[in-house]
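Heads up, the thing below is written out as C-alpha cells.
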There are 2 protein chains.
Amino acid sequence: MAIGRPSSSSSQTPDPGAARRTSRARGIPEATVARLPLYLRALTALSERSVPTVSSEELAAAAGVNSAKLRKDFSYLGSYGTRGVGYDVEYLVYQISRELGLTQDWPVVIVGIGNLGHALANYGGFASRGFRVAALLDADPNVVGTAAAGLPVRHMDELEAIVAAQHVSIGVITTPPGAAQQVCDRLVEAGVTSILNFAPTVLTVPDGVDVRKVDLSIELQILAFHEQRKAGDEPAAGDSVLDRAPGPVRAAAAKLRRAAGGGKAAEQAKSAPTGKGPEDDLSAVMPA
Amino acid sequence: MAIGRPSSSSSQTPDPGAARRTSRARGIPEATVARLPLYLRALTALSERSVPTVSSEELAAAAGVNSAKLRKDFSYLGSYGTRGVGYDVEYLVYQISRELGLTQDWPVVIVGIGNLGHALANYGGFASRGFRVAALLDADPNVVGTAAAGLPVRHMDELEAIVAAQHVSIGVITTPPGAAQQVCDRLVEAGVTSILNFAPTVLTVPDGVDVRKVDLSIELQILAFHEQRKAGDEPAAGDSVLDRAPGPVRAAAAKLRRAAGGGKAAEQAKSAPTGKGPEDDLSAVMPA
DNA sequence: CCATCTTTGTGCACACGTTCACAAACGCAT
DNA sequence: ATGCGTTTGTGAACGTGTGCACAAAGATGG
Ligand SMILES: NC(=O)c1ccc[n+]([C@@H]2O[C@H](COP(=O)([O-])OP(=O)(O)OC[C@H]3O[C@@H](n4cnc5c(N)ncnc54)[C@H](O)[C@@H]3O)[C@@H](O)[C@H]2O)c1
Ligand SMILES: NC(=O)c1ccc[n+]([C@@H]2O[C@H](COP(=O)([O-])OP(=O)(O)OC[C@H]3O[C@@H](n4cnc5c(N)ncnc54)[C@H](O)[C@@H]3O)[C@@H](O)[C@H]2O)c1
C-alpha cells in the first residue's frame, strides 16, 4: 500500500489560484516543482557514481515515481533527453538546479533555538544545496549568546539588521506556536518573503509572501487514520447512528447535544489523553 | 501570495490508486483526511475557550481554508452541523478524533536518537493527540543507555521484542539516510505498518505498509523556486537556448554534452556549494 | 403558525494531476 | 544508407480536488 498524494510536503495555502499564477507563470505545475528536488537528489547520487546517462525508467525508480510522470515533468523544463538513450545526468542536474534557483545560495535565518532549532542548525543537509544559515535568533536571554553548530545565537533585536545586511529572504520558524505569528510578522516586516514554519499554527501573511509548513503531528494523525482502516476498525459507530438519519431526528440530536454541553469531559478525555508535558498547542486560535 | 497545494505534508507514494482504495473505502478523499487534523486543532482551541458552536466560515478562517471546502470535507463524515447555527464544537472534536483513530492511543517507536531524534523525543505535541513514545532506539553503543526526555535509549536488538510487546504499529525513522532503508525493513519485519521517515531517502516497503516523509531540504528548495520567480529572475537562459530549438540542433547539442563529460566540475560547483559538514545525502541511490 | 434570516449540504463546472499508449526521434549495427 | 531496437515527448482520457452558487433546513421573533 501507499497512501496520500505524491505531492510535496504541506503548504498551507487555501488558494490554488495563487499557485497557478505563481508557478504556471512560465508553465511549471506546482506538483512538478515539488518533485524536482526528488529527481535532483537521485541524480546527484548517480552523478557521484559517475553514471553518465539514465533512462526515465531508471531515474523514476530511484525517485520513487512513475516514469510517465517523470517524463512529463521534465517536458515542462524543456527537451533535455535523447531518444533511445535517456538523460545526461550532469546536464540534468544543472538544469534542475537552475530551475529551482539553486545556482545561487540562499541565506536563511532560524528563529527559536530550542530543541528543534538546534537540530536544524546542526543539519548538514542544509548547506548541501546552497542554503546557508545566516543567523540563529532567539528571544530568551539565557539562550542568546550560547553557540549552536558553531554559530552564536543572536538576539531578536538584531533580526532586522541581519536580514537587511545579508539579504535574507527565507526564514525558518521554530518557536512555540504562541509566538509564531508574531515572529512571522516581524520577519515579513524585515523583508523576508519565504517562510518555513514548524510551529503548529496557521500563519497569516500578506500577498507576496510564501509559507510552507512542516507538521509532525499532522503526519502522525494521517498515518493513524490509515492504520485504523487497516485494522478493519470501522471508526466505532458509537452513538452516532442517529446522525446518519435524515431530517428532524438529526436536528433533535443536535439540539440535545448542545443542551447537554456535549459531554465534554468524557469525550475530551478519550480524544486527547494529554499525557504530560507542556502542551503548547493552545495558540492556534481563531484570528477573527 | 500563497504557494503549493493545500494538501498535506508529503507522502511518497507513486500510486494514487492505492490511496483511493484505502481511504475511499467508505468515501473519505485523501485530501480531506489530510485536512482533518487542521480542523481538529482549530476546534480544540475553540473547545478550550469553551466556545459552544462555530460556523463553517469561522472555522474555515481558523484553519486557513475555504469554507466551502470545509463543509464538503465534513459532509464526507456525515451531517454533523445544524443549519442556521453551525457546528457543535465538542461533538465535532469527538467525531473527527474518532474518524482519525485518535480515540485510541498509538504507541510509537523512534529510531535514531541523534539531533532530530532527541528533539522529537522532547516534543510535547507528540503525546497531546494520543501518540505515546513506546521506545527510543539507536544502534550506537555510546548513545544506548543515555536518557532522552526521561526515556532510556534502547538498543536496536530490542526492537522486535518492544514492537511485539507493546503492539507498536507506527515507527519514526531519524537515522542517517544510509541506514534508513535497512531500519525500515527491520521495522516492517517486526510488524510496524506505518512509517514516518525524516531521512532524505526513498523507502521501499511491501504492500500494506504506509510511508510518509518529512523533508526539510525539499521544502526549502520549493521555497527557493518561488523566491527566484519573485525576483523576476527567469532561471538564467544561460547556454541552453539551443535546447529549445527543435530537431537536429538539439541532438547535436546532446551529443556534445555527453562527449564533453558535461562540464561536471564547473556546474557541480555552482549547483551545490557544499559548505562543509558531513554530507549524508549520498544514500538515495538507485535501488535497481 | 408564519415570515425572515442564517447557515448547511451539495450539484455542477472547471482546474489540476496522473496515466496510458504511441508516433517520432535517435543510436547503432550492418 | 537502411533497418531495428530503444526511449523520449506528448496528446488524450480519466480521476481527483476545488469553489461557486443555491435550495433546503433549521432558528428566531412576533
Ligand atoms: N521538537 C520537535 O520535535 C517538534 C516537532 C514538531 C513541531 N515542533 C514545533 O516546533 C516548535 C519548536 O519546538 P521546540 O521543541 O524546539 O521548542 P522549544 O521550547 O525547545 O524551543 C522554542 C524556542 O523558541 C524561543 N522563543 C520563544 N518565543 C520566542 C520569540 N517570540 N521569538 C524568538 N524566539 C522565541 C524559546 O526561547 C526557545 O528557545 C514548536 O512550535 C513545536 O510545536 C517541534
Ligand atoms: N537534524 C535535522 O534538523 C534534520 C532535518 C531534516 C532531516 N534530517 C535527517 O534526519 C536524520 C537524522 O538527522 P540527525 O541530525 O538527527 O542525525 P544524527 O547523526 O545526529 O543522528 C542519527 C542517529 O541515528 C543513529 N543510527 C545510525 N545508524 C543507525 C542504525 N542502523 N540503526 C539505528 N540507529 C542508527 C546514530 O547512532 C545517531 O544517533 C538524517 O537522515 C537527516 O538527514 C535531519
Side-chain angles (χ1 to χ4, degrees), chain A residues 4-8 13-21 23-24 27-35 53-60 65-88 92 243 246-255 258, chain B residues 4-8 13-21 23-24 27-35 53-60 65-88 92 243 246-255 258:
Chain A
R5 319 194 75 255
S7 66
S8 84
T13 176
D15 180 7
R20 211 176 319 123
R21 254 171 280 127
S23 64
R24 273 280 167 82
I28 302 184
E30 190 59 30
T32 295
V33 172
R35 281 187 295 267
T53 61
V54 65
S55 72
S56 64
E57 205 70 51
E58 295 167 312
L59 185 54
V65 303
N66 177 303
S67 72
K69 190 166 9 188
L70 177 142
R71 287 198 298 278
K72 181 140 287 191
D73 283 343
F74 286 174
S75 80
Y76 293 115
L77 308 185
S79 288
Y80 295 145
T82 305
R83 294 173 194 227
V85 176
Y87 299 90
D88 181 285
L92 203 45
D243 289 292
V249 186
R250 248 199 55 251
K255 192 170 207 168
R258 242 171 302 135
Chain B
R5 318 196 75 256
S7 64
S8 83
T13 179
D15 180 6
R20 211 176 319 123
R21 254 171 282 127
S23 64
R24 274 278 167 82
I28 303 186
E30 190 60 30
T32 295
V33 172
R35 280 187 294 266
T53 62
V54 65
S55 72
S56 63
E57 205 69 51
E58 294 167 315
L59 185 54
V65 303
N66 176 305
S67 73
K69 191 168 6 190
L70 178 142
R71 286 198 300 275
K72 181 146 288 192
D73 284 342
F74 286 174
S75 80
Y76 293 115
L77 308 186
S79 289
Y80 295 144
T82 305
R83 297 175 192 224
V85 174
Y87 299 91
D88 181 287
L92 202 45
D243 289 289
V249 185
R250 248 200 55 251
K255 189 171 206 165
R258 242 171 303 136

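Every chain is numbered from 1, with letters handed out A, B, ... down the list of sequences.
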Rounded distance [0.5 Å steps], OG in B/S56 versus NZ in B/K69: 13.5 Å

Interatomic distance where CD belongs to A/E57 and P belongs to D/dG9 [whole Å]: 14 Å

Over all atoms of both residues, closest heavy-atom pair of A/L59 and A/V54: N-CG2, 3.7 Å

Between C1' of D/dT8 and CD of A/E58, the distance in whole Å: 14 Å

For atom NZ of B/K69 and atom C1' of D/dA21, their distance in whole Å: 17 Å

Nearest listed nucleotide, side chain of B/S75, among C/dT18, D/dG17, C/dT10: C/dT10

Stepwise side-chain contact (heavy atoms from CB on, under 4.5 Å) test for A/I28 and A/L77: CA-CA 7 Å; A/I28 302 184; A/L77 308 185; 3.6 Å; yes

Heavy-atom closest contact (B/S67 atom, B/A60 atom, distance): CA-CB, 3.5 Å

Distances under 3.5 Å only, N/O to N/O: pair up the protein atoms with those of nucleotides 20-22 of chain C.
unit_1	atom_1	unit_2	atom_2	d
C/dA21	N6	A/R71	NH2	3.4

Non-hydrogen atoms of A/P29 and A/G27 that approach each other most closely: CD-O, 3.3 Å

Between C1' of C/dG9 and CG of B/L77, the distance in whole Å: 13 Å

Interatomic distance, A/Y76 OH vs D/dG9 C1' [rounded to whole Å]: 12 Å

Between CG on residue B/D73 and CZ on residue B/R71, distance to nearest 0.5 Å: 11.0 Å

Show the distances under 3.5 angstrom between N or O atoms of the protein and N or O atoms of nucleotides 5-7 of chain D.
unit_1	atom_1	unit_2	atom_2	d
D/dT7	O4'	A/G84	N	3.0

Spacing between A/F74 atom CZ and D/dT8 atom P, to the nearest angstrom: 10 Å

Nearest-angstrom distance from the residue atom CG of A/D88 to P of C/dG27: 13 Å

Integer-rounded Å distance: D/dT18 P and B/D73 CG: 8 Å

B/F74: ring pair (Phe, Tyr, Trp, His ring centres under 6.0 Å) partners, not counting sequence neighbours: B/Y39, B/Y87

